[in-house]
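Working notes for the structure below.
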2 protein chains.
Amino acid sequence: MAEKATINDIARLTGLSKGTVDRVLHNRGEVSKKSYDKVMDVIRELGYEPNLYASLLARGEQRTIVLLFPAHEKGSYWELASAGEVKAQSALKPLSIVTRQINYNQYSADSFREACSIVLEMHPDGVVIAPMFQYETQVFAKELTSRSIPYALVDTKLDMPGYLAFYGIPAYKSGYLCAYMLSEGESLKEALIVRIMRDKDRQSDPTVMRRAGFMDYMLEHNPGCTIRSLFIDPSDPAATDDALDAFFQEFPHVRHIVMFNSRIHLIVPYLERHPRVRRVVGFDNLSANLAALRRGTVSALIAQHPEEQVFQAIQTLADKIVFQRQPDLTDNYMHMDVLLRYNTEDY
Amino acid sequence: MAEKATINDIARLTGLSKGTVDRVLHNRGEVSKKSYDKVMDVIRELGYEPNLYASLLARGEQRTIVLLFPAHEKGSYWELASAGEVKAQSALKPLSIVTRQINYNQYSADSFREACSIVLEMHPDGVVIAPMFQYETQVFAKELTSRSIPYALVDTKLDMPGYLAFYGIPAYKSGYLCAYMLSEGESLKEALIVRIMRDKDRQSDPTVMRRAGFMDYMLEHNPGCTIRSLFIDPSDPAATDDALDAFFQEFPHVRHIVMFNSRIHLIVPYLERHPRVRRVVGFDNLSANLAALRRGTVSALIAQHPEEQVFQAIQTLADKIVFQRQPDLTDNYMHMDVLLRYNTEDY
DNA sequence: AACGCCTCCGTGCCCGGGCACGAAAAATTT
DNA sequence: AAATTTTTCGTGCCCGGGCACGGAGGCGTT
């Protein structure tokens, strides 16, 4: 009973033909206002939903969603994120949707611009952007909008009107939480923030917001704490070691370290050779980070499930592309997980 | 290019008609051996795969997945789990799959058996079981298998051959983690486990495994710690208060409390009236638990995302039912999240 | 009045496969 | 050899929607 309504039912009930109903359904124009309204009324009344199979069968073509990500090596944050693409691929195969990834150099706006034009040439049906450059991304987004290609943002939410959805964690709060984990149960006198040299150049960076959240927590709960910074070069382990050595020579009493990017693992070798700190808190479940967590060198990690973010973003786009479904929320702040020594294994 | 072969291509190449090809494809008989072989040869040669959309469209029926869950009230653990059903429902609507939930009394094997027969009468295409009774579930599972109805398990993994997939967290490890969070950074002399009276009767219970993991951690890291138990009645808040009162009269130095079920919130009112403990650790993100966490009464919660478990289980079944797709993994241990005061908001 | 041009709409075929029905071919029976 | 049964097969319509094409009707122009 209660058979699902079809396009023919609507045609019959409105006294129009299915061609017209179809035009209404796809906003393809060439329909008078009167007919349009009549069709819409009946659609609402019947709660009509198109039959996915019939639709897919009739259309038959393949849709493409392109991911615009920073280039990444093995074991990096963006590789984690790419796991979400794989997961989405298998879920979307039955919908004849394929995904492709285009990469850019996260330290070069030029390379980003170049990647953007490659994406456009592919005539994608949807784009997932992990943005790094505010201005360039805005330009690109405008271009996508003008071609009415929907796009979603992951990781960093730039000021950008017109995106279909954003998936990421609340950066400020994650910094706040980070400070709580670093200091909970003790009263800190000193703490160290380790930063990546090149990151200073970037125009946009969630680590900035994290730092702000961190600072605010400390101000509220450990106002007497002195917070120092140290810059390291990710491509030069020896120099990193030296820098840390020099730092601890000067400030031997520091026992608490944080990093707001995903690369806490860079300082792990040093810490394991010179065990002196009490708590080390970092971000993201890179395998190198997890290993350090299991060994106890790192006390806690805040994980943001990049693969989930990407998966969801792709799903949302697919929903939009295939079913013209608008997502309920545009800004989806996902949960931050706290990883401790004994809950890392199932990652 | 490399268009996918259709049933018509095969018909053409074999010189037979698509009716015959169809009979071969479905082993529906009424085909001579010669024709059968010819068709099979061409199928293999072309690597023919039927178009699922066309097939589903032509067949057109609705599939049903039934969830067999304990009955639950507002704000309970199984209500959280049911959120996964809602999520799955909207995702599966386009695949013409509906879900229905059948509930049983989690303290009565009889009611479980009854619920099982109701499920069977519904002629489901797949079943998700949240099992409580080892033996009865095995009987039911055997029945499902004999009718070749696939089923998935969530929450508790019983010893049960033939299930399509299991989704849950590793219970033993979660207890281990729980102990770590309760004691990390201090050396405990005493701790209290609060338990639910009726739970003693149940034949199977992840809380048993959790307790084991907890005990082992304590044995390894706090061997001198005395661990006491207290049973409370969930339906009688006044008695709970009294029990706690009596307990602390007798053991005034206990400062650490755990509960291995989802109902840590039951002791929160008492704790807030008599603030005396240092750390309180519980399970699951029930809203009452989260509220207590935010107020600081509860120190940490281990959350297992029941809604995700259920969602995934349903998805896996749907994949099997619609696309005959076998899942990669049968045992899916999901991540346990640690919830602290400052990462609860996005739940 | 004849013509052209829009706007709006209906018709009909297609997508790939499922399946009922009936006909042709082969095998048996008389 | 004719009649009957059984086996094997082809035809044609259906599922629900997408979409190209062309036609009807309204409007304005010459």
Side-chain angles (χ1 to χ4, degrees), chain A residues 2-43 46-63 93-97 125 321-325, chain B residues 2-43 46-63 93-97 321-324:
Chain A
E3 280 298 309
K4 276 190 66 168
T6 74
I7 202 174
N8 289 306
D9 297 333
I10 300 177
R12 197 162 23 78
L13 288 174
T14 54
L16 293 161
S17 75
K18 59 182 214 141
T20 304
V21 176
D22 188 64
R23 274 181 284 265
V24 171
L25 284 171
H26 297 84
N27 284 313
R28 215 149 3 89
E30 310 200 351
V31 178
S32 70
K33 173 120 177 40
K34 209 175 95 193
S35 302
Y36 182 91
D37 291 342
K38 208 183 326 177
V39 171
M40 286 306 263
D41 282 350
V42 175
I43 285 178
L46 298 186
Y48 168 78
E49 287 183 3
N51 181 314
L52 170 64
Y53 301 140
S55 158
L56 254 24
L57 173 61
R59 281 192 270 124
E61 355 78 66
Q62 209 176 52
R63 308 325 250 285
K93 197 155 45 180
L95 302 183
S96 317
I97 294 183
D125 301 283
I321 294 168
V322 178
F323 309 111
Q324 288 90 253
R325 199 154 39 197
Chain B
E3 281 298 308
K4 275 189 68 167
T6 75
I7 203 173
N8 290 305
D9 297 334
I10 300 177
R12 197 162 22 78
L13 288 174
T14 55
L16 294 160
S17 75
K18 61 181 211 143
T20 305
V21 175
D22 187 63
R23 274 180 284 267
V24 171
L25 284 171
H26 297 84
N27 284 313
R28 214 144 8 87
E30 311 198 349
V31 177
S32 70
K33 172 124 181 32
K34 210 175 92 189
S35 302
Y36 183 89
D37 290 344
K38 209 183 328 177
V39 170
M40 286 307 264
D41 282 351
V42 174
I43 285 178
L46 297 186
Y48 168 77
E49 285 183 1
N51 182 316
L52 287 169
Y53 302 140
S55 159
L56 290 167
L57 173 61
R59 282 192 269 122
E61 345 82 67
Q62 204 178 53
R63 303 341 241 287
K93 198 154 41 178
L95 300 184
S96 325
I97 294 183
I321 293 168
V322 178
F323 306 113
Q324 288 90 254

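For clarity, every value in this text was computed on a predicted model and none was experimentally measured. Below, chain A is the first sequence line, B the second, and so on; all start at residue 1.
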Which atom pairs link the protein and nucleotides 24-27 of chain C when you take only N or O atoms and keep those under 3.5 Å?
none

So which protein N/O to nucleotides 18-21 of chain D N/O distances come out below 3.5 Å?
unit_1	atom_1	unit_2	atom_2	d
D:dG18	OP1	A:His26	NE2	3.1
D:dG18	OP1	A:Ser55	OG	3.4
D:dG18	OP2	A:Asp22	OD1	2.6
D:dG18	O6	A:Lys18	NZ	2.8

Intermediate values then yes/no, side-chain contact (heavy atoms from CB on, under 4.5 Å), A:Ile7 and A:Tyr48:
CA-CA 8 Å; A:Ile7 202 174; A:Tyr48 168 78; 4.2 Å; yes
side-chain contact (heavy atoms from CB on, under 4.5 Å) assessment of B:Ile43 paired with B:Leu25
CA-CA 9 Å; B:Ile43 285 178; B:Leu25 284 171; 3.5 Å; yes
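If you measure from atom CG of B:Asn51 to atom C1' of D:dC15, you get 13 Å, rounded to the nearest angstrom. When the P atom of D:dT11 is taken as reference, atom CG of B:Leu16 falls 11 Å away, rounded to whole Å. Distance CG (B:Leu52) to C1' (C:dG17): 11 Å, rounded to an integer number of Å. Remark: C1' of C:dC13 and CG of B:Asn8 are 15 Å apart, rounded to the nearest angstrom. Rounded to whole angstrom, the span from the OH atom of A:Tyr53 across to the C1' atom of C:dG17 amounts to 14 Å. Rounded to a whole Å, the CD atom of A:Glu49 is 20 Å from the P atom of D:dC15.
Side-chain N or O atoms of A:Asp9 include one that pairs as donor or acceptor with a backbone N or O of A:Thr6 at under 3.5 Å.
By the 4.5 Å heavy-atom criterion applied to side chains, A:Asn51 and A:Lys4 are not counted as neighbours.
Atom NZ of A:Lys38 sits about 5.0 Å away from atom CG of A:Leu16, to the nearest 0.5 Å. Note that the CG atom of B:Leu56 and the CG atom of B:Leu52 stand 6.0 Å from one another [nearest 0.5 Å]. Rounded to the nearest 0.5 Å, atoms CD1 (A:Ile10) and NZ (A:Lys18) are 12.0 Å apart.
Side-chain N/O atoms of A:Thr20 include one lying less than 4.0 angstrom from OP1 or OP2 on C:dG10. Between D:dT11 and B:Ser17, no contact under 4.0 Å exists linking OP1 or OP2 to a side-chain N or O. Contact annotation: B:Ser35 side-chain N/O to D:dC9 OP1/OP2 distance is under 4.0 Å.
Scored by the side-chain contact (heavy atoms from CB on, under 4.5 Å) test, B:Leu13 finds B:Val42, B:Leu46 as partners (sequence neighbours excluded).
Just one residue in the list A:Asn8, A:Val31, A:Val39 forms a side chain to side chain contact (heavy atoms under 4.5 Å, CB included) with A:Val21, and that residue is A:Val39.
Where B:Gly15 and B:Leu57 meet DNA chain D, the nucleotide closest to each residue was compared, and B:Gly15 sits on the side nearer the 5' end.
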